[in-house]
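Ligands are counted one by one from 1 in listed order, and the atoms in each one are counted from 1 as well.
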Amino acid sequence: MVEIPRRSLLAAIAALGAGACSKIAESDTGQSLFEAAQGGHRALHRALAGRQGLAPEYAPEDRSPSFRGNGSVTVETPFYKDQLAKGFPDWRLTVRGLVERPLSLTLAEIRALPQRTQITRHDCVEGWSAIGEWTGPQLAVLLDAARVREEANFIVLRCADTLYGSAYYESIDMVEAYHPQTIIAHALNGAPLPEKNGAPLRARIERQLGYKHAKYLTAIEAVASLDGIGKGKGGFWEDHAGYQWYAGI
Ligand SMILES: Nc1nc2c(c(=O)[nH]1)N[C@H]1C(S)=C(S)[C@@H](COP(=O)(O)O)O[C@H]1N2
Ligand SMILES: [Mo]
C-alpha cells in the first residue's frame, strides 16, 4: 500500500557524504538508516523525515471548497444526535490510562487551552485528498496536563461511532503523539467541526494517512501495549482490513 521511496533514501545517504560512514554509525540518523536498511518502512520514514519533520502546510486560498466526509459520517446514537442538536454541552473527552491525573474535559475547556491552527492536506488510501484548516490544542498539551507515565508507549484514540459493528479506534506512538502538528481539532475552516468530519472532536495526525485521523473522539488513553485493544493491531482498519499501523505519508 505505501511504497518505499527508494530514491529518497539514496539521496539521503548521498547527502550525508560518502566518507562519513563511521560517524553515521554512531549518530541517531545513522542508526535509523541502518534500521531502514533492515527493511522496516517505519524506520525508513523516521530516517528520512526525522522525529520532528513537519507535514507541509498550505495557504488559506489552497483550502478545498468542500471537505468530504468518509467512513462514518455520523454517530448512530440518541445521545450523539441530541448533543449535536444542542452544541455538545455534555460531551466529554477523557484522558486516562497510564496517567497520573486523569482528565474529563468539556468542549469549552478544550477551546480555552492554547490553540494551534494548521492548513494541511488529508490523504485517504481510497484515492482522494482534501486541504483543510484545522484548529485545536496540541495533543501534547493534554498529555502533559494529565501527566503521562513513563510506561506509556502508545496513545489510543477512542471514538463514539461503530463501523460494520465494531467501535472505531486508532493508536499512535509517543513520537507522533507529541509531534507539534498532532492536534485535537474542534474546528474546520474556522467553523465548528461539521458532523460528517467528526464533530465535536477529531484527531489530526498530519504525517499519516486519513484512517489514523480518528473522528468523534471520546477518550485518549495512554497504554503500554496494544494487546487486547480491538483485535490488537492498533486500529479499526488495521484490525479489519490489514492496513498498516504505521501509515506515514
Ligand atoms: N471515528 C472514525 N474516524 C475516522 C473514520 C471513521 O469511519 N470513523 N474514517 C477514517 C478515514 S478512512 C478517513 S479518510 C477520514 C475521513 O475524514 P473526513 O470524514 O473528515 O473526510 O477519517 C478517518 N477517521
Ligand atoms: Mo480513508
N/O separation below 3.5 Å, [X] to ligand 1:
{"X": "Arg68", "answer": "yes"}
{"X": "Asn70", "answer": "yes"}
{"X": "Trp128", "answer": "no"}
{"X": "Asn197", "answer": "yes"}
{"X": "Arg202", "answer": "yes"}
{"X": "Asp161", "answer": "yes"}

Residue, atom name and distance, where the atom is the protein heavy atom closest to atom 19 (O) of ligand 1: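 The closest heavy atom on the protein side is Lys215 NZ, 2.5 Å.
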Residue and atom name of the nearest protein heavy atom (relative to atom 10 (C) of ligand 1), distance in Å to one decimal: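 Sorting protein heavy atoms by distance from atom 10 (C) of ligand 1 puts Tyr168 OH, 3.3 Å first.
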Give the minimum heavy-atom separation between [X] and [Y], together with the two atoms involved.
{"X": "Val99", "Y": "Ala222", "answer": "CG1-CB, 4.2 Å"}
{"X": "Asp239", "Y": "Lys231", "answer": "OD2-N, 2.8 Å"}
{"X": "Asn70", "Y": "Val73", "answer": "N-CG1, 4.0 Å"}
{"X": "Glu57", "Y": "Thr120", "answer": "CG-CG2, 4.3 Å"}
{"X": "Ala112", "Y": "Gln115", "answer": "N-NE2, 4.5 Å"}

Parallel, tilted or perpendicular, as decided by the 30° and 60° cut-offs, for the rings of Trp245 and Phe154: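 Answer is perpendicular, since the angle exceeds 60°.
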Who's closest to [atom] heavy-atom-wise, of [options]?
{"atom": "atom 23 (C) of ligand 1", "options": "Gly210, Ala214, Gly71, Ala203", "value": "Gly210"}
{"atom": "atom 11 (C) of ligand 1", "options": "Tyr169, Phe236, Tyr211, Trp134", "value": "Tyr211"}
{"atom": "atom 24 (N) of ligand 1", "options": "His213, His122, Glu195", "value": "His213"}

Spacing of OG1 belonging to Thr135 relative to CZ belonging to Arg111, to within rounding of 0.5 Å: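 Going from OG1 on Thr135 over to CZ on Arg111, the span is 11.5 Å.
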Main-chain N/O of Ser129 paired with Arg121 side-chain donor or acceptor, under 3.5 Å: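 Such a contact is absent between Arg121 side chain and Ser129 backbone.
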For ligand 1, which atoms, with element, lie under 4.0 Å from some heavy atom of [X]?
{"X": "Gly69", "result": "19 (O), 21 (O)"}
{"X": "Cys159", "result": "1 (N)"}
{"X": "Leu163", "result": "7 (O)"}
{"X": "Cys124", "result": "14 (S)"}
{"X": "Lys196", "result": "19 (O)"}
{"X": "Ser72", "result": "6 (C), 7 (O), 8 (N)"}

Pair Arg92 + Glu109: basic N to acidic O under 4.0 Å: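 Answer for the salt bridge query: no.
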Arg116 bridged to Glu206 by N-O distance under 4.0 Å: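 Salt bridge: no.
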Trace of the ring pair (Phe, Tyr, Trp, His ring centres under 6.0 Å) decision for Tyr216 with Tyr80: CA-CA 9 Å; Tyr216 314 111; Tyr80 182 82; 5.7 Å; yes
